[in-house]
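Small disclaimer: the values here were computed from a predicted structure and weren't measured.
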Protein chains: 2
Amino acid sequence: MAQETDGSARKTVDKAMRVLNAFTHERSEFAIGELARELDMHKSVVSRLVAALRRWRILEQDPDTRLVRVGVGAFRLGSIFATRQNIVRVVTPYLGALVARTGHSAHAVLLDGNRALVVATVESPHALRVIMRVGEHRPLHSTASGKIFLALGDPALLLATERERGLARFTAGTVADPARLRAQLTRIRREGIAWNEGENNPGAGGVSAPVLDEGGNVVAAISSVFPLNVVDAAERAALGKETLLAAKRASQAFAASVEPPAPGAARARRAPRRAPAAGKERETPRLSSAGRARR
Amino acid sequence: MAQETDGSARKTVDKAMRVLNAFTHERSEFAIGELARELDMHKSVVSRLVAALRRWRILEQDPDTRLVRVGVGAFRLGSIFATRQNIVRVVTPYLGALVARTGHSAHAVLLDGNRALVVATVESPHALRVIMRVGEHRPLHSTASGKIFLALGDPALLLATERERGLARFTAGTVADPARLRAQLTRIRREGIAWNEGENNPGAGGVSAPVLDEGGNVVAAISSVFPLNVVDAAERAALGKETLLAAKRASQAFAASVEPPAPGAARARRAPRRAPAAGKERETPRLSSAGRARR
DNA sequence: AAACGCAGTTGCCTTATCAGCAACAAGTAT
DNA sequence: ATACTTGTTGCTGATAAGGCAACTGCGTTT
């Protein structure tokens, strides 16, 4: 079948991952047949893959309905990531403080490929509030936090975003014109905060500021989100200031938290070493690649 | 190699999962070679598996040290589980309230195979406190929450636990005698709460109570943990009462939260149907199986 | 009731994929 | 400089995976 020369394929694993990737917050349960249809694989293949993943509890299956769901094993793995990522731990308290001061929901996102991944949220106590869930993905060009990554992250990210799906239009306000987006990004670089005025969801706006490591690289973005119709210009300005402040504090806390001399550190960690030749990279198949933010 | 007749194997996926399973909170980074040694696989195999998983960001690799870590893709999956599991969402506020009243750390655990998995924690504000991290696994027979599952969950769980590793002894207080353990379980069933007096960690004790669904099945356990030496009998009794109360409230909240009529529910869900023949089950290879709590 | 349809699992056989080896590439220690 | 590391990659025989079709449970239809 003349598979394009891809040195390390491990196609079976790839298929298993395609199965896992089908699960999202919106669609968190599938019948075997559904998966097969959606992924264009044969029933028997999906059935056997699911069985394999089930053995490790990465997936689970409702004994009654036979619907397949994400399992506790996936949660275990994810929690390892969350623990290691100081960011999540470090940033959460600042989100809480931010919400307490502003009254609007706040969240933190990480870059995941060429989308932003929500990794922590604190909800506003108000009845009218914007809700965001941990694990949700958001586009880069139509959200405040996304723009932070586009403006301050790897330039390749912007190129990939434009190329990929083009700049999809979600609302009337979405900035779908590359030139206008670039103009916004320049401004963001200057001011240090990014705005979104109903460009992703009608009626919902946001401000975002970067969490930076000691080298000045963006590691995450903190955002406040609010209903556009009840927040006037003055309040928005204040909200921007507060968000920026929270992000700055979080940056300091993050820098301070990185690799604390490791109390009971046992395993030797060799001195830094540049990655070797590395061949053709090509991360995440069929979704094309986006260079990760350099460190 | 006459692999024992296991109808659906998907051995490559299994190997990939063995790689993932190597990662824990204690060991969250590996060199490729380390993994190969530990899993008794060849360097080249691990290298290619890691490359495959990296493409989906389930794993990631430090560009400098080349150490392999759990990636953001795993976090994404895990968060889907966490969201779907109302338990985590529902229970957390009650943990907070419990800590506020008692001053001791509290956490919630789910059953993961034949261990308990910590899924939510709230720490005590005191300087002297017991700390537990989300994602940690704890044995069933030497922890309060574990005993809840043994006492109120599927009876097969107890058998599997005894068979598996025997009742490993962690401290002088560990109940390693099956008969004594069963006696404790009987009492737990009667009283509705379980105690641990330094049986897992010397000096640390805990009380746990079950979160039950509408059918009376254990879906989770809530525990308060405390330093044994500063908590006298009177305080322990109060702590037990509070923990039980929190668990009861959480149970009600959980029952109320299950499947809210599904507002925009689109996909048809067929009527319940018992799982078919199902062949030889055998969950989680090489760790033997433990029947899941029946529903 | 009996027949049909649908979803999921499983045995069999062919073919494609993977494990192992060894060479190589990069970096580190002697 | 030279000898060890550790990780990646081309190559080829051995193995594991895919497709098919049969079969099992169930629910629905005539």
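Of the two residues near DNA chain C, V46(A) and K15(A), the one whose nearest nucleotide lies more 5' is V46(A). A residue-by-residue look at R37(A) and T12(A) shows that R37(A) has its nearest nucleotide of DNA chain C further toward the 5' end.
For Q61(A), whose side chain is taken as the heavy atoms from C-beta onward, the closest listed nucleotide among dG19(D), dA17(D), dT9(C) is dT9(C). Which of dT9(C), dC18(C), dG18(D) sits closest to the side chain of V45(A) comes down to dG18(D). Residue I32(A) places its side chain closer to dG8(C) than to any other of dC18(C), dC12(C), dG8(C).
Note: CD (E34(A)) to C1' (dG8(C)) measures 13 Å, nearest angstrom. As a whole-Å value, the separation of E29(B) CD from dG7(D) C1' is 17 Å. Summarising the geometry, the separation between CG on L49(A) and C1' on dT17(C) is reported as 14 Å, rounded to the nearest angstrom. In this structure, M41(B) places its CE atom 16 Å from C1' of dC21(C), rounding to the nearest Å. Rounded to a whole Å, the CG atom of D64(A) is 15 Å from the C1' atom of dG27(D). In this structure, L35(B) atom CG and dG7(D) atom C1' are separated by 12 Å, rounded to whole Å. In this structure, R10(A) atom CZ and dA17(D) atom P are separated by 11 Å, rounded to whole Å. Atom NZ of K11(B) and atom P of dG20(C) are 12 Å apart (whole Å).
Put simply, K43(B) has no side-chain N or O that comes within less than 4.0 Å of OP1 or OP2 on dG7(D). One finds no side-chain N or O of R66(B) lying less than 4.0 angstrom from the OP1 or OP2 phosphate oxygen of dA26(C). Side-chain nitrogen and oxygen atoms of S47(A) include at least one within less than 4.0 Å of the OP1 or OP2 phosphate oxygen of dT9(C).
The salt bridge (Lys or Arg N to Asp or Glu O under 4.0 Å) with E34(B) is formed by just one residue from the set R66(B), R27(B), K43(B); it is R27(B). Paired with V68(A) under the rule side-chain contact (heavy atoms from CB on, under 4.5 Å), one option of L53(A), L59(A), V46(A) passes, and it is L59(A).
S44(A) comes within 4.0 angstrom of a base, heavy atoms only.
Between F149(B) and H141(B), the distance from one ring center to the other does not fall under 6.0 angstrom.
The aromatic rings of F30(B) and F23(B) lie perpendicular to each other, with more than 60° between the two planes, well past the 30° mark.
Atom CE in M17(B) sits 7.5 Å away from atom CD1 in I58(B) (nearest 0.5 Å).
One N or O donor and one acceptor, one from the side chain of R48(A) and one from the base of dG19(D), sit under 3.5 Å apart.
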